[in-house]
Amino acid sequence: MLPVRLAVIPGDGVGPEVTAEVLRVLRVVERRSQVPFDIVEFPWGTDHYLRTGHVAPPDFLEVLRGFDAILLGAMGDPRVPDHIPVGLVLQIRRQFDLYVNLRPIRLVPGVPTPLAHRPTIDILFVRENTEGEYAQSGGRLYTGSKDEIAVHTAVFTARGIERVAVYAFERARRRRRLVTSVSKANALPHTYGLWDEVVKRVASRYPDVTFETVLVDAMAYHMVRQPDRFDVVVASNLFGDILTDLGAALQGGLGLAASANLNPDGPYPAMFEPVHGSAPDIAGRGIANPVGAIWSAALALEYLAHRGRLPGGDRLAEVVVQAITDVLGVGPHTPDLGGSASTSDVGRAITERVTELMGL
Ligand code: NAD
Ligand code: IPM
Ligand code: MN
């Protein structure tokens with residue numbers, strides 16, 4: 001079988017630090033895989049921008065198109081306006097039509113949560129990933145004058161809402177059969193009115209799945225008070241962005257949270273990245289938690305199995321998540337979890353555990 005082709009974009013800030021640990025783990029996983037991994041690293045990001053005037057070469061989408069999956073560290077650097085490096089992430093999501101942003105939020109034994117009652121947390125966020133408030137529709141007028149105007153229009157399409165809702169219901173069928181849809185139709189009746197109508201229509205096709213709609217402000221409240229009541233949550237691009245940082249806090253921190261940008265049947269590579277950004281406040285110190293990035297790589301293995309590119313990828317993914325869970329249970333822990341271990345201490349511990357679990 002052809003090798004699995006993985007494009008790796010370490011990016012900015014802590015991105016390269018956590019990505020190095022992802023590669024350490026993948027090199028071991030590859031030994032148990034029936035298919036070799038062909039891994040190509042691309043040094044794109046802010047340094048590239050400062051050198052060349054581009055975050056990535058102008059043909060970067062063409063370059064990435066030939067891969068099976070993309071692993072991204074993080075983008076963003078205080079030396080340049082945020083939208084420049086971060087634009088790369090948004091362009092990949094949109095141009096490759098990766099309409100699902102899948103973000104599992106799970107509280108693992110041994111990890112501290114800010115919630116004193118320590119509930120069970122196992123939520124699968126399905127965030128719409130190509131439209132809503134992220135549609136690049138808007139502009140500014142009379143720039144610099146006191147009459148300056150800024151307009152940014154949210155774009156919601158029935159087709160865009162329907163496909164992400166279908167994905168959420170399909171996932172719920174394989175879990176606890178509850179879908180919570182996040183809305184704000186009380187104040188934004190046009191866009192979220194359409195959202196509610198379309199999700200409800202999809203829900204009627206899944207009578208075996210319980211369905212509810214919760215307003216986003218109340219959702220933030222319930223996630224803190226009763227996170228155990230949620231199973232699959234489907235949310236618009238912006239609401240999903242905000243609520244998954246909240247979810248990351250509940251599961252022990254942004255350093256743990258994983259994500260997959262995918263189109264289950266699309267022709268382009270999916271992209272896997274931790275939920276966190278480039279964390280400039282801790283970059284360069286070797287203390288970033290690599291778990292979110294490694295967990296994202298596990299989501300990639302699962303996806304590659306689903307696409308028929310990596311036989312047994314599901315099992316490999318399970319082993320990586322098991323190794324993460326085991327290491328989180330006993331340590332070592334990076335400082336965000338109250339430990340004093342380095343990024344590579346944790347990466348090495350997970351790699352060793354993967355090696356043991358795979359019987360290598
Ligand atoms: P951030 O996620 O980078 O950091 C928020 C907080 O979480 C910080 O205190 C940081 O130290 C901590 N944190 C993040 N990752 C961690 C890790 N692996 N281990 C331990 N602690 C970690 O968010 P921000 O500060 O708002 O953004 C920084 C930059 O990253 C900005 O330029 C932003 O636009 C960008 N960003 C990029 C992505 C991406 O590339 N996908 C995602 C989010 C933010
Ligand atoms: C995320 C990030 C991105 C987003 C930024 C970098 C544009 O915060 O992946 O959660 O808002 O989607
Ligand atoms: Mn975010």
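For ligands, and for the atoms within them, numbers begin at 1 and follow the listed sequence.
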Any chance you could lay out the ring pair (Phe, Tyr, Trp, His ring centres under 6.0 Å) test for Tyr192 and Phe239, step after step, and finish with the verdict? CA-CA 11 Å; Tyr192 285 95; Phe239 292 169; 4.8 Å; yes

Summary of ring-ring contact (aromatic ring centres under 6.0 Å, His included) pairs that have at least one residue in residues 79-111, sequence neighbours excluded: Phe96-Tyr268

Using heavy atoms and a cut-off under 4.0 Å, could you grab the residues that are in contact with ligand 2, chain by chain, numbers ascending? Val86, Leu90, Arg93, Arg103, Arg127, Tyr134, Asp241

When clusters are formed by joining ILVMFWY residues with side-chain heavy atoms under 4.5 Å apart, either directly or through shared neighbours, do Ile242 and Ile123 land in the same one? no

Under a 4.0 Å heavy-atom cut-off, which residues neighbour ligand 1? Ala74, Met75, Gly76, Asp82, Val86, Val89, Leu254, Gly255, Glu273, Val275, His276, Gly277, Ser278, Ala279, Pro280, Asp281, Ile282, Ala288, Asn289, Asp336

Paired with Arg103, the side-chain hydrogen bond (donor to acceptor under 3.5 Å, both in side chains) test is passed by just one of Asn261, Thr244, Asp245, namely Thr244

Pi-cation contact, Phe67 with Arg5 (under 6.0 Å, within 45°): yes

Donor + acceptor pair across side chains of Glu128, Thr130 (<3.5 Å): yes

Do Glu21 and Ser344 have a side chain donor and acceptor closer than 3.5 Å? no

For Asp228 and Thr120, does a side-chain donor sit closer than 3.5 Å to a side-chain acceptor? no

Would you check if the side chain of Ser278 reaches a backbone N or O of Gly13 as a donor-acceptor pair within less than 3.5 Å? no

Between Asn289 and Thr334: side-chain donor-acceptor atoms closer than 3.5 Å: yes

For the Mn ion (ligand 3), check which protein N, O or S atoms are under 2.8 Å away and list them. Asp241 OD1

Hey, could you give me the CZ/CG distance between Phe125 and Asn101, rounded to the nearest 0.5 Å? 11.0 Å

Would you say the side chains of Trp195 and Ser236 form a donor-acceptor pair under 3.5 Å? no

Polar contact flag, side-chain donor to acceptor under 3.5 angstrom, Tyr167-Arg171: yes

